[in-house]
Protein chains: 2
Amino acid sequence: MTAIETAATGVPAEGTRARVERAALDLFTLRGFEQVTTDEVADAAGISRRTFFRYFATKADAVWGDFAAHVARLEELLAGADPAQPVLASVCAAYVEVNDYAAAELPLLRERMLLILTEPALLAHSQLRYAEVDRVVARYVAARSAADATDLVPRLVAATTRAAATTAFQAWLADERSALGTHLRQAFAELTAGFPALLR
Amino acid sequence: MTAIETAATGVPAEGTRARVERAALDLFTLRGFEQVTTDEVADAAGISRRTFFRYFATKADAVWGDFAAHVARLEELLAGADPAQPVLASVCAAYVEVNDYAAAELPLLRERMLLILTEPALLAHSQLRYAEVDRVVARYVAARSAADATDLVPRLVAATTRAAATTAFQAWLADERSALGTHLRQAFAELTAGFPALLR
DNA sequence: TTGCCCCCTGGCACCGGGTGTCATTAGCCT
DNA sequence: AGGCTAATGACACCCGGTGCCAGGGGGCAA
């Protein structure tokens with residue numbers, strides 16, 4: 001019972017996942033994450049609740065799109081970074097590049113990030129996703145600096161750069177007509193220079 | 001049905017909250033957060049499940065103790081910080097001081113933080129608690145630097161110092177015989193200096 | 001064409017976290 | 001003694017998430 005009706009059951013349903021994501025994003029944005037039940041999302045997407053949980057492990061996951069691919073791309077960028085460049089600069093550059101979205105993708109990204117950074121349940125869930133990112137970055141820093149990925153400095157770089165990136169996202173969301181890359185570069189510049197704007 | 005039996009019902013039950021916290025911490029540490037039901041925690045503490053949720057809004061909250069007081073103390077420390085000191089140094093110093101626990105409290109703190117940083121559900125929940133901390137720090141930085149608490153730099157300082165503190169906690173937990181303050185100071189030193197250990 | 005297998009699907013029952021409601025009971029105050 | 005307040009526990013309910021099973025379609029082989 002929905003706008004877009006698929007064929008009968010038993011069909012692989014080309015594009016179902018994307019359709020569910022859209023329905024979820026629309027409903028969550030419209031009425032708030034907690035106020036929408038998974039039943040409603042499933043209905044809107046023309047599938048059963050049970051099937052919703054086959055596409056997404058949790059309700060929150062419907063917001064994130066293919067985040068694993070995003071992390072994988074970050075990892076590739078780091079692997080291919082110029083070893084002559086300082087470690088920290090490589091990490092920041094990789095963050096900037098992995099977040100260099102095409103203009104057409106920006107509205108969707110805004111919608112996603114607004115939900116993630118606004119809705120408490122999604123904000124909490126984000127920590128689990130970011131943990132994957134942190135591990136990737138910490139491993140890279142550890143490899144470059146002949147340290148262990150569980151040592152203080154690799155973890156520190158991972159945690160603080162990611163925190164900086166998240167903060168840049170917040171600034172981007174707050175300022176409708178700004179470029180994400182600008183905020184990211186500014187945040188990393190402040191971070192890597194030890195916050196020169198605060199020398200007083 | 002538990003070890004410590006209280007009087008009948010209707011009694012204010014002096015110290016019930018602390019007793020529930022202990023029961024929860026013990027059970028979660030022993031068998032894992034997700035593997036323990038709120039029913040079991042309530043039973044172990046000699047109260048009903050419904051009463052458990054009057055003391056703690058969520059299952060996760062039973063792990064955090066009086067975190068609001070912790071945040072309030074951080075805010076007081078910041079309010080009383082020496083204005084002659086640089087902003088960033090004041091924030092770091094406040095973090096170090098608010099985490100300067102008495103030796104007798106350390107085992108409990110270890111137990112708590114180990115759960116929070118290890119159990120996915122608690123790690124996710126932590127983001128909500130840290131958001132309160134971030135707001136406090138961002139407000140302070142904003143006030144000191146004549147900016148708005150929603151601007152990039154105040155938020156950036158809040159997010160990165162908190163990330164550094166969390167990383168210091170991880171290092172402390174990984175190293176049984178170390179002092180928390182040492183890790184905190186090292187993490188902040190790296191952060192405020194722009195990670196001098198990575199100049200290659 | 002027929003038959004078989006695989007996989008997607010939905011229905012159902014169940015578990016656990018969290019909440020609203022209500023009756024009960026203890027302590028306190030007059 | 002009587003009444004008020006507050007904490008408690010029992011119950012029903014909602015919702016996210018999972019295990020299990022049956023059905024149905026598409027593709028492939030005979």
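Residue numbers begin at 1 in each chain, while the letters A, B, ... track the order of the sequences.
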Inset, instruction - Mind checking the CG-CG spacing from A/Leu27 to A/Asp43? Nearest 0.5 Å is all I need. - result: 10.0 Å
Legend entry - Integer-rounded Å distance: D/dC15 C1' and A/Phe28 CZ: 13 Å
Inset, instruction - State the OH-CZ distance between B/Tyr55 and B/Arg19, to the nearest 0.5 angstrom. - result: 8.0 Å
Legend entry - Whole-Å gap separating P (D/dC15) and CZ (A/Phe52): 15 Å
Inset, instruction - Please figure out whether A/Thr58 or B/Arg50 has its closest DNA chain D nucleotide nearer the 5' end. - result: B/Arg50
Inset, instruction - Could you tell me the separation between the CG atom of B/Leu25 and the CZ atom of B/Phe33, rounded to the nearest 0.5 Å? - result: 11.0 Å
Legend entry - Euclidean distance, atom CD of residue B/Glu119 to atom P of C/dG17 [Å, nearest integer]: 13 Å
Legend entry - Interatomic distance, A/Arg54 CZ vs D/dC21 C1' [rounded to whole Å]: 11 Å
Inset, instruction - Considering just the side-chain nitrogens and oxygens of A/Thr51, establish if one lies under 4.0 Å of OP1 or OP2 belonging to C/dT9. - result: no
Inset, instruction - Look at the side-chain N and O atoms of B/Ser48 and state whether any lies under 4.0 Å from the OP1 or OP2 oxygen of D/dT8. - result: no
Inset, instruction - Look at the side chain of A/Arg49 against the base of D/dG17 and say whether a donor-acceptor pair falls under 3.5 Å; ignore hydrogens and angles. - result: yes
Inset, instruction - Using atom CZ of B/Phe53 as one end and atom P of D/dC11 as the other, report the distance to the nearest whole Å. - result: 18 Å
Inset, instruction - Determine the contact category for A/Val41: base if any of its heavy atoms lies under 4.0 Å from a base atom, sugar-phosphate if only primed atoms, P, OP1 or OP2 are that close, otherwise nothing. - result: nothing
Inset, instruction - Specify the separation, in whole Å, of atom CD1 of B/Ile47 and atom P of C/dT24. - result: 22 Å
Inset, instruction - Would you mind reading off the distance between A/Glu40 atom CD and D/dC15 atom P, rounded to a whole angstrom? - result: 8 Å
Legend entry - Salt-bridge criterion met for B/Arg22 and B/Glu111 (N-O under 4.0 Å): yes
Legend entry - Distance, nearest 0.5 Å, that separates CG of B/Leu184 from CG of A/Leu152: 9.5 Å
Legend entry - B/Tyr55 side chain near D/dT8 phosphate (N/O to OP1/OP2, under 4.0 Å): yes
Inset, instruction - Could you state the atom-to-atom distance from NZ of A/Lys59 to P of C/dG18 in whole Å? - result: 14 Å
